[in-house]
Trainee: 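One structure, as structure tokens, below. Some questions next.
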Amino acid sequence: MPASIPLLLLLALAVMVVVHVVVPKTRPILWKVSAALGLVMLGLLMYLGMFYAPPEAFMSNVGRILYVHVPYIWMAFIAFLMNVGCAFAYLMKKSWVTDALAESSAEVGVLFGAVGVAMGSIWARPTWGVWWDWDPRLISTTVMLLSYVGYLALRSFTEDPERRATWSAAVGILSGVSLPITYYSVRWWNSLHQVQSSTASVDKTMGSVLLWGLVTLLCFLFPFIVKRYEIARARQTAAMELPPLEAPRPEAA
Amino acid sequence: MSALAVEAIDISKRFGARWAISRLSFSLAQGRSLLLTGHNGSGKTTLLRIISTAAFPTAGTLKVLGFDSKKERDSLRPSVALVSHASFHYEDLTAAQNLLLSAKFLGVKDPASSVKELLERMGLSSRADSAVRQFSAGMRKRLAIARLLMKAPKVALLDEPFGELDPAGSLQMEQLIRDLQAQGTSVVLATHLIEQGLSLTQERLHLEGGRKVSPT
Amino acid sequence: MSALAVEAIDISKRFGARWAISRLSFSLAQGRSLLLTGHNGSGKTTLLRIISTAAFPTAGTLKVLGFDSKKERDSLRPSVALVSHASFHYEDLTAAQNLLLSAKFLGVKDPASSVKELLERMGLSSRADSAVRQFSAGMRKRLAIARLLMKAPKVALLDEPFGELDPAGSLQMEQLIRDLQAQGTSVVLATHLIEQGLSLTQERLHLEGGRKVSPT
Amino acid sequence: MTPKISLLTAAWLVLKKDWQIEWRTRARLTALIFFSGATLLLFSFAMGPDVTSLRAHAHGYLWLGLLFASVLSLGESFRIESENQALTGLVLTPVEPRAIFIGKVLGNASMLFALSLVLLPITIGLYDVDLTRVPHLLLLVLFLGTLGISAPGTVYSAISANARARDVMLPLLLFPVLVPLLLAAASATKLTFQPDPQDQLGSWLKLLIAFDLIYLSVGFLVFPKIAEED
Amino acid sequence: MTPKISLLTAAWLVLKKDWQIEWRTRARLTALIFFSGATLLLFSFAMGPDVTSLRAHAHGYLWLGLLFASVLSLGESFRIESENQALTGLVLTPVEPRAIFIGKVLGNASMLFALSLVLLPITIGLYDVDLTRVPHLLLLVLFLGTLGISAPGTVYSAISANARARDVMLPLLLFPVLVPLLLAAASATKLTFQPDPQDQLGSWLKLLIAFDLIYLSVGFLVFPKIAEED
Ligand code: HEM
Ligand SMILES: Nc1ncnc2c1ncn2[C@@H]1O[C@H](COP(=O)(O)OP(=O)(O)OP(=O)(O)O)[C@@H](O)[C@H]1O
Ligand SMILES: Nc1ncnc2c1ncn2[C@@H]1O[C@H](COP(=O)(O)OP(=O)(O)OP(=O)(O)O)[C@@H](O)[C@H]1O
Ligand SMILES: [Mg+2]
Ligand SMILES: [Mg+2]
């Protein structure tokens with residue numbers, strides 16, 4: 001798959017999220033549109049994946065799980081990239097918006113990544129005969145997920161919002177180093193697992209079904225992130241209100 | 001118009017869901033000193049920590065010596081010093097080593113001799129080579145004061161400086177405060193010994209639940 | 001002859017190579033109270049810790065309420081209580097949980113209500129459910145005092161009990177000491193506020209470098 | 001004067017307090033789970049991708065992971081007690097040191113046992129072992145093993161909580177003592193994962209029980225001496 | 001007003017102070033040595049008595065031992081700074097946080113590097129590996145690897161020194177980030193123990209250097225934000 005596609009997806013997500021945050025009017029609509037579109041596309045994806053695409057060369061029909069496995073993990077990648085971006089933005093200029101976005105993207109990323117890995121694992125059972133194998137791609141993906149689990153644990157163990165925000169931005173950036181590593185791990189440590197396929201190595205129709213799956217899941221990723229973001233914002237503003245100018249009367253003691 | 005040593009504009013500080021300082025505004029002219037009083041838990045230590053740039057206001061602006069305490073902390077820090085409940089010492093270094101370290105960081109000229117002089121002055125020279133871990137409460141306080149004197153700040157923040165000091169130390173502390181004031185240092189003094197405090201300062205700020213009230 | 005609350009026979013305490021208490025002998029009759037004074041580092045805290053059985057003399061014998069503090073510590077401990085620089089609290093439990101724990105260990109009847117009453121008395125009821133980690137210095141002191149009161153000891157050891165307390169708390173502390181004395185409790189009070197201390201006690205022990213000297 | 005509450009009541013209160021603190025901060029168990037999960041993953045790195053060899057040594061990895069986690073867990077458990085000299089406070093209350101020992105051992109053991117239960121599915125996932133052969137015996141082995149780690153661990157962590165450089169002292173003291181116990185626990189675990197033709201599991205279990213009894217009784221005797229200055 | 005002393009002077013003072021404390025207490029390095037020695041021993045127990053397999057995996061054990069030791073060492077290094085809020089004291093003195101970072105990283109790295117040197121003879125003794133093939137490269141790998149552990153380790157231990165349950169928080173954050181570095185270090189070490197027919201050592205070294213540079217620069221950027229309240 002050309003490297004530009006994931007970047008385009010990231011860009012699309014970023015634009016939608018920025019629109020959602022900046023233009024209040026779009027807030028109630030945009031995510032619904034996206035989710036609805038996603039549902040429709042998912043229906044089609046089922047059809048395309050099950051019947052339209054040719055069976056995978058080595059793995060026959062089980063291989064069709066590919067069309068959701070890869071998109072899920074890619075969505076996790078995109079969400080983590082967004083997290084790193086927000087972490088940088090937060091350290092440059094403090095803003096509760098980027099902090100909340102960082103929180104939601106990490107959490108949603110872990111969720112999507114976990115589903116993707118679970119699917120890979122389900123896939124591994126019939127093809128490799130085990131649930132899990134010692135393979136750089138699998139390990140680096142899992143380790144990447146673990147580092148974001150650590151990120152989330154730190155967030156939940158820190159009560160003070162300011163500290164939480166700066167600490168987790170720092171941890172987010174350091175965890176972000178695992179993204180390129182995961183991406184390149186297949187080349188560094190020679191791998192059992194598929195390397196990134198190029199258009200050459202993958203059947204045309206398979207590639208387009210995969211692309212369809214990616215866009216479908218992006219349509220789900222967006223509402224997850226903004227909904228989680230709104231929850232984070234609501235928690236923040238509840239904690240953020242200034243105390244009243246005058247001391248409350250009855251509490252004179 | 002004289003410059004302001006401290007100027008708080010509507011500052012608040014939150015811990016978790018509780019406001020330790022609420023919408024506080026006050027100012028203190030350079031060279032004048034402030035007495036900070038209030039019940040236990042009224043926010044004195046928190047306020048001093050904020051002025052010292054160990055903590056920052058959740059909302060509002062604090063200017064110390066004209067510098068914004070949050071944005072211009074680097075310019076401000078060489079000129080303020082704090083003695084508080086936490087003493088900032090390394091427990092496993094000796095008193096002399098702790099002071100010497102500060103002196104070197106501060107770029108003091110001839111650090112060794114000024115360390116010696118300060119230890120002498122605070123009555124610690126016989127214990128200069130004991131680890132701080134072995135110090136009594138009062139000796140720790142004395143060492144913290146020595147560290148503040150080493151810095152010779154323009155704004156000195158003293159959080160219950162008389163606590164744990166013996167009567168002689170207490171008298172000496174009063175004298176030190178007067179000496180600092182004579183050099184033009186603004187002292188912010190938080191203490192429960194109100195008479196003693198009043199005799200050393202020109203202004204007073206009484207806190208109640210993190211708000212400024214007039215003392216009763 | 002009234003029984004002795006504390007009887008020290010030639011006790012010494014060494015830390016490393018340094019003697020914090022040297023050949024100290026004194027006695028205190030049950031029901032009478034002792035003021036402990038001395039410079040910083042003269043050994044007051046160490047002496048109180050020894051009387052409380054948190055530490056033991058390196059040499060010599062200490063009898064508290066007639067029990068040998070080292071050999072009969074188990075019999076002694078229910079009757080002495082100490083408030084010192086270290087507060088003995090669990091930082092991650094709330095004030096109420098800390099007190100409740102003590103109450104249960106002490107086998108107090110109706111622990112919940114006596115915890116509530118003590119917190120009320122020490123002015124902490126509004127913060128009963130805050131973790132001690134979030135307490136100010138004075139609030140910690142108040143909680144430590146509440147813990148001592150819970151125990152209702154026969155010998156109460158107070159190490160600078162007025163430190164960190166606000167004026168109202170200080171007055172209340174004096175009243176508490178008088179109340180304890182009225183119940184026949186012997187109070188050993190270490191403080192640098194000599195006048196206040198003298199007004200509360202009948203006897204005085206002045207330490208210098210761990211030795212008993214007459215106050216100058 | 002005898003204390004007003006019994007040894008067991010006091011031990012129960014100590015145990016409950018530990019759970020309370022854990023519940024308030026909630027950090028310890030969660031962090032431990034991820035820590036030992038990551039440790040198990042790391043082992044497999046170091047050993048390379050040979051699946052059969054991994055499966056053959058799964059019992060060893062499991063117990064090593066538990067051992068490293070226990071170092072952290074025990075350290076944390078006495079960090080709580082050394083802040084504000086809380087342990088001294090307990091002793092002066094007075095609480096019988098032996099009650100503190102029992103409470104602390106059970107607190108640490110319950111934490112480690114919970115951890116070991118969570119690690120089981122991870123072991124299946126990573127090393128593909130079969131836990132369904134004698135599940136009740138496996139649980140027994142885990143219980144005895146974690147109890148055995150906790151007994152000397154409690155004693156040593158009380159010592160190192162007051163020593164200088166305490167974080168690093170604990171394993172130094174603890175590891176040599178635990179080696180035989182670990183060996184027994186790992187061997188017994190192996191026989192619950194794999195067939196046990198010579199019926200050796202029983203004797204390993206007996207050995208484990210013996211270790212536990214020895215460590216518990218030695219700890220019970222020794223702990224009062226170290227819980228307070230003497 | 002600019003600080004009166006340069007960044008590097010300040011970093012040097014921070015480093016010297018760490019060495020001074022270590023020298024006074026002298027506990028940390030000693031305890032670390034015994035700890036990782038015991039760890040290496042335990043590995044050989046857990047893996048059974050197969051000498052060739054032990055030798056083949058010696059590089060992995062060595063780095064695992066260093067990793068677990070580093071958790072203890074880093075934790076201790078910031079326990080010193082959190083007692084009496086000494087780190088806040090430094091920042092207020094004022095000492096530039098970046099100077100603190102450099103000093104602390106070098107302090108931690110020097111400790112771990114010293115430890116790794118001591119572990120080498122133990123590795124020979126236990127696993128019978130041959131260290132004399134390219135000793136200078138082996139030292140380089142050890143140096144780069146321990147430096148790479150220290151850079152993110154310093155950032156994370158500064159965070160976890162103030163977090164709840166700090167003893168367990170540190171490895172939780174640190175391990176996942178270190179895995180790639182460890183893998184590279186272990187692979188490189190392997191090629192210094194064993195023949196390197198395909199001449200891969202060079203590319204592993206480059207990867208290690210790249211990791212170090214990335215971690216150091218990210219840490220350098222991030223540390224000032226976490227060294228103080230913000
Ligand atoms: C068990 C856990 C598994 C994990 C964590 C995992 C992880 C990943 C990741 C991260 C990718 C994205 C790679 C990329 O496109 O750059 C991916 C793609 C892929 N995975 Fe998996 N995988 C797992 C199992 C499997 C199994 C068992 C198979 C098949 C036998 C498989 C086949 C593929 C294929 C064909 C791709 C697409 C590569 C491409 O076209 O880019 N995966 N997997
Ligand atoms: N743990 C210890 N290790 C070594 N020396 C100690 C220790 N504790 C106290 N000392 C020493 O014992 C002496 C007495 O200390 P102590 O704390 O009893 O003094 P104090 O009278 O309470 O002083 P202050 O008025 O300052 O509280 C001091 O010289 C002190 O340095
Ligand atoms: N780290 C913290 N976390 C949560 N709350 C805190 C923290 N530090 C202080 N507080 C709260 O802020 C309030 C003010 O505390 P502060 O220490 O400033 O009081 P203070 O006026 O110095 O009291 P004292 O006279 O007892 O020293 C208190 O209610 C306290 O509980
Ligand atoms: Mg205060
Ligand atoms: Mg004292």
Trainee: Locate the shortest heavy-atom distance separating E/L92 from B/S52; write the atom from each residue and the value.
Mentor: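 Closest pair (atom of E/L92, atom of B/S52, distance): CD2-O, 3.4 Å.
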Trainee: Decide if atom NZ of B/K116 counts as having more than 12 heavy atoms of other residues, nucleotides or ligands within a radius under 6.0 Å.
Mentor: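 Open: at most 12 neighbouring heavy atoms sit under 6.0 Å from NZ of B/K116.
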Trainee: Need one label for B/K104: side chain, backbone, both or neither, based on atoms under 4.5 Å from any heavy atom in chain E.
Mentor: both
Trainee: Which heavy atom of B/R147 sits nearest a heavy atom of E/G89, and at what distance?
Mentor: NH2-O, 3.4 Å
Trainee: Might you confirm whether atom CZ of E/F143 has over 12 heavy atoms from other residues, nucleotides or ligands at distances under 6.0 Å?
Mentor: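 Atom CZ in E/F143 is not packed in, count stays at 12 or less.
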Trainee: Can you tell me which of B/M150, B/K70, B/K151, B/H85 forms the most heavy-atom pairs within a distance under 4.5 Å of chain E?
Mentor: B/K151
Trainee: What's the separation between atom CG in E/D18 and atom OH in B/Y90, rounded to the nearest 0.5 Å?
Mentor: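 Between atom CG of E/D18 and atom OH of B/Y90 there are 7.5 Å.
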Trainee: Taking all heavy atoms of E/K17 and all of B/L93, pick out the closest pair and write down the distance.
Mentor: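 Closest pair (atom of E/K17, atom of B/L93, distance): CG-CD1, 4.0 Å.
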Trainee: Would you mind telling me which of B/L76, B/T53, B/L106, B/N98 has the largest number of heavy-atom pairs within less than 4.5 Å of chain E?
Mentor: B/L106
Trainee: Quick check on side chain to side chain contact (heavy atoms under 4.5 Å, CB included): which of E/V91, E/N84, E/T88 does B/F88 satisfy it with?
Mentor: E/T88
Trainee: Mark yes when over 12 heavy atoms from residues, nucleotides or ligands other than E/F34 sit less than 6.0 Å from its CZ; otherwise mark no.
Mentor: no
Trainee: Of all heavy-atom pairs between B/G107 and E/I5, which one has the smallest distance, and what is that distance?
Mentor: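 Heavy atoms only, the tightest pair is CA-CG2, 4.1 Å.
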Trainee: Please assess E/Q20 against B/L101 for the test side-chain contact (heavy atoms from CB on, under 4.5 Å), listing each intermediate value before the final yes or no.
Mentor: CA-CA 11 Å; E/Q20 233 172 10; B/L101 188 69; 5.6 Å; no
Trainee: So what's closer than 4.5 Å to chain E heavy atoms on B/E72: side chain, backbone, both or neither?
Mentor: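 Nothing of B/E72, per the 4.5 Å heavy-atom cut-off to chain E.
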Trainee: Measuring heavy-atom distances to chain E, does B/A81 have an atom under 4.5 Å in its side chain, in its backbone, in both, or in neither?
Mentor: neither
Trainee: Say you draw a straight line from CZ of B/R73 to CD of E/E228; how long is it, rounded to the nearest 0.5 Å?
Mentor: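 Taking CZ in B/R73 and CD in E/E228, the distance rounds to 4.5 Å.
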Trainee: Please round to the nearest 0.5 Å and tell me the distance separating atom CZ of B/R77 and atom OG1 of E/T93.
Mentor: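 Separation between the atoms: 9.5 Å.
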